[in-house]
Chemist: 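Let me begin by handing over the structure; questions about it come next.
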Amino acid sequence: MGADEVVNYKPASDEIDLLVKRHGLNLSESVMLGDAKYDIRIGKNAGCATCA
């Protein structure tokens with residue numbers, strides 16, 4: 001997922017919201033993995049578990 005596919009960039013939840021919709025995922029069963037503070041914030045803003 002790239003920033004060119006969403007209107008609002010990290011830490012807004014647009015990227016996760018789009019992935020969940022596109023792939024029919026269950027947000028409550030999803031985990032955002034990341035290596036930056038913005039990755040953790042996007043997961044929290046989307047309402048899913050996060051892991052650094």
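All residue numbers refer to positions in the sequence shown, counting from 1. Everything quoted here is computed from the prediction, not taken from an experiment.
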Chemist: Please collect all salt bridge (Lys or Arg N to Asp or Glu O under 4.0 Å) contacts where either partner lies in residues 17-37, sequence neighbours excluded, each pair once.
Modeler: E5-R22
Chemist: Nearest 0.5 angstrom please: I40 CD1 to N45 CG, how far?
Modeler: 11.5 Å
Chemist: Specify the closest pair of heavy atoms between S30 and N26, including all atoms of both residues, with the distance to one decimal.
Modeler: OG-O, 2.9 Å
Chemist: Can L18 be reached from Y9 by stepping across I, L, V, M, F, W or Y side chains whose heavy atoms are under 4.5 Å apart?
Modeler: yes
Chemist: Specify the closest pair of heavy atoms between C51 and V31, including all atoms of both residues, with the distance to one decimal.
Modeler: CB-CG1, 4.1 Å
Chemist: Please report the shortest heavy-atom distance between K44 and T50, naming the atom on each side.
Modeler: N-CG2, 3.6 Å
Chemist: When rounded to the nearest 0.5 angstrom, what is the spacing between CD1 in I16 and CG in L27?
Modeler: 7.5 Å
Chemist: Locate the shortest heavy-atom distance separating D39 from I42; write the atom from each residue and the value.
Modeler: O-CG2, 2.9 Å
Chemist: So, does D14 use its side chain to make a donor-acceptor pair with the main chain of N8 at under 3.5 Å?
Modeler: yes
